[in-house]
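The structure under discussion appears below in the form of structure tokens.
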There are 2 protein chains.
Amino acid sequence: MLEFIILGFLMCGETSGYDLKQWMTKSTSYFFDASFGSIYPALKRLGDKQLVIFKESVEGSKYKKVYQITETGKEAFMKWIAEPIAFEKSKQDHLVKIFFYEFLPKEKAIANLKGLIEVIQPIEKNLIGQKEEASQKYDVYQFYYRYATMVYGIDYYRFIMSWCNDMITKLETDTETIRSERFNTK
Amino acid sequence: MLEFIILGFLMCGETSGYDLKQWMTKSTSYFFDASFGSIYPALKRLGDKQLVIFKESVEGSKYKKVYQITETGKEAFMKWIAEPIAFEKSKQDHLVKIFFYEFLPKEKAIANLKGLIEVIQPIEKNLIGQKEEASQKYDVYQFYYRYATMVYGIDYYRFIMSWCNDMITKLETDTETIRSERFNTK
DNA sequence: TAGGTCATGTAAAGAGTTACATGATTTT
DNA sequence: AAAATCATGTAACTCTTTACATGACCTA
């Protein structure tokens, strides 16, 4: 997967391992991210397979290995991108604790759900900022798909927060026995 | 994470490694899943830490190692469940290809998006079935949180499909230059 | 001149899956 | 009698992050 994402970025122009990481952080990190520890070895592998080549660039004393995609690399990327989109049930770690919240006192449950919203909110705000920046800098039609994935990200965060809020409301209003206190009733 | 999920299931009653996997498949697999190759070693580790104990059960010639949570295990679980909910940006692998769809002809893009919807639809239908089954078998108030995570799952799948449909509609109606064919215009 | 960022890379550790191995029992 | 399921477990492999190592350059 990572190798193809790198090829994808290289389809848009040559770049270095370091800059690749910057691009990812800026543009895909809300649905895909990678560390230097995986990017550099991936570039090495891509080089071995001759899907990319690099030239050493020294711009005003700054050393960089600038990678370019090869014709073989383009072919590999085009083959990959045309394949059907696989769907893997994606891990939603934040649901794991909530699944077992029957063991937590209701007040604590509400507090933690509110806490989760407060963690997600700044992430959402940040992505909104990125989206607005992008819509000013670039033609939305030209970058239609990238723009759409940002909208996905924002709406996804909103979806989670809205779901949390619904729970909080229900927990607060249904004063009757939502048995959210298996912990206490024991 | 896996170890705590196992503890969570054991909080609800004793069970075997094999049945643990069945429970996960039935109830958490849409946001968390694990294979036998990780469950059995996890149970071993939990045993080493004395958070669980097991007894060998032979019910009518059928051998099982039935695990129970210990008092120490309960304490560890209660500590974990009370902690704030962490939020990790979760991988959404299905977005990766779409992010680079500028390199795909529009018709192919639409076809693949439709394909993705067709992959998700049965998964959603399946979860709806599970939800209905659960609401008949159990008291929704008693299993409020588990029910809520199912609603999350269903709405999450719907969100993705709806996002895909929006894209398809826009791609089909905006006959003007959505530059979704960088591939061809080169 | 100290700390931050730029830039590349490696080694160890973590967390998991896949595939295999085993053997009993149950269904077709 | 063969195939599927029940039940446990291990070994190899994959993919990843974290932490470290290195060195140059930039800025307060």
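Reminder, nothing fancy here: chain letters follow the sequence lines and each chain counts from 1. Only this structure's heavy atoms are used, side chains among them; waters, hydrogens and symmetry mates stay out.
Summarising the geometry, the separation between CG on B:Asp48 and P on D:dG9 is reported as 12 Å, rounded to the nearest angstrom. Atom NZ in A:Lys44 sits about 16 Å away from atom P in D:dC15, given to the nearest Å. At whole-Å resolution of the value, CD in A:Gln22 and C1' in C:dT8 are 13 Å apart. Whole-Å rounding puts the B:Ile6 CD1 to C:dG16 P distance at 9 Å. What separates OH of B:Tyr40 from C1' of C:dA19 is a distance of 16 Å, to the nearest Å. Atoms CG (B:Leu2) and P (C:dT17) sit 8 Å apart, rounded to a whole Å. A straight line from CZ of A:Arg45 to C1' of C:dT10 spans 14 Å, rounded to a whole angstrom. Between B:Lys21 atom NZ and D:dC6 atom C1' there is a gap of 15 Å when expressed in whole angstrom units.
Comparing D:dG9, C:dG9, C:dT10 by their closest approach to the side chain of A:Pro41 singles out C:dT10. Out of C:dT17, C:dA7, D:dT10, the shortest distance to the side chain of B:Ser35 is found at C:dT17.
In this structure, B:Gly17 reaches the sugar-phosphate backbone alone: every heavy-atom distance under 4.0 Å involves primed, P, OP1 or OP2 atoms, never a base. Using a 4.0 Å heavy-atom distance criterion, B:Tyr63 is classed as a sugar-phosphate-only contact.
For the pair B:Lys62 and D:dT5, the criterion of a side-chain N or O lying under 4.0 Å from OP1 or OP2 is not met. A:Lys64 has a side-chain polar atom (N or O) that falls below the 4.0 Å cut-off from OP1 or OP2 of C:dA7. Between D:dG9 and B:Lys65, a contact under 4.0 Å exists linking OP1 or OP2 to a side-chain N or O. Regarding contacts with the backbone of D:dC6, a side-chain N or O of B:Tyr18 is found under 4.0 angstrom from either OP1 or OP2.
Of the two residues contacting DNA chain D, namely B:Ser38 and B:Asp19, the nearest-nucleotide position lying further toward the 5' end is that of B:Asp19. Between B:Phe36 and B:Lys91, the residue anchored nearer the 5' end of DNA chain D, judged by the nucleotide with its closest heavy atom, is B:Phe36.
The two atoms that bring B:Thr70 and B:Gln50 nearest to each other are OG1-O, 2.8 Å, heavy atoms only.
Looking at A:Met78 and A:Met11, their side chains come closer than 4.5 Å, going by heavy atoms from C-beta outward.
B:Ser16 and B:Asp19 share a side-chain donor-acceptor pair at under 3.5 Å. A donor and an acceptor atom, one from each side chain of A:Ser57 and A:Tyr63, are nowhere located under 3.5 Å apart. For A:Glu102 and B:Tyr144, the side-chain atoms include no donor-acceptor pair closer than 3.5 Å.
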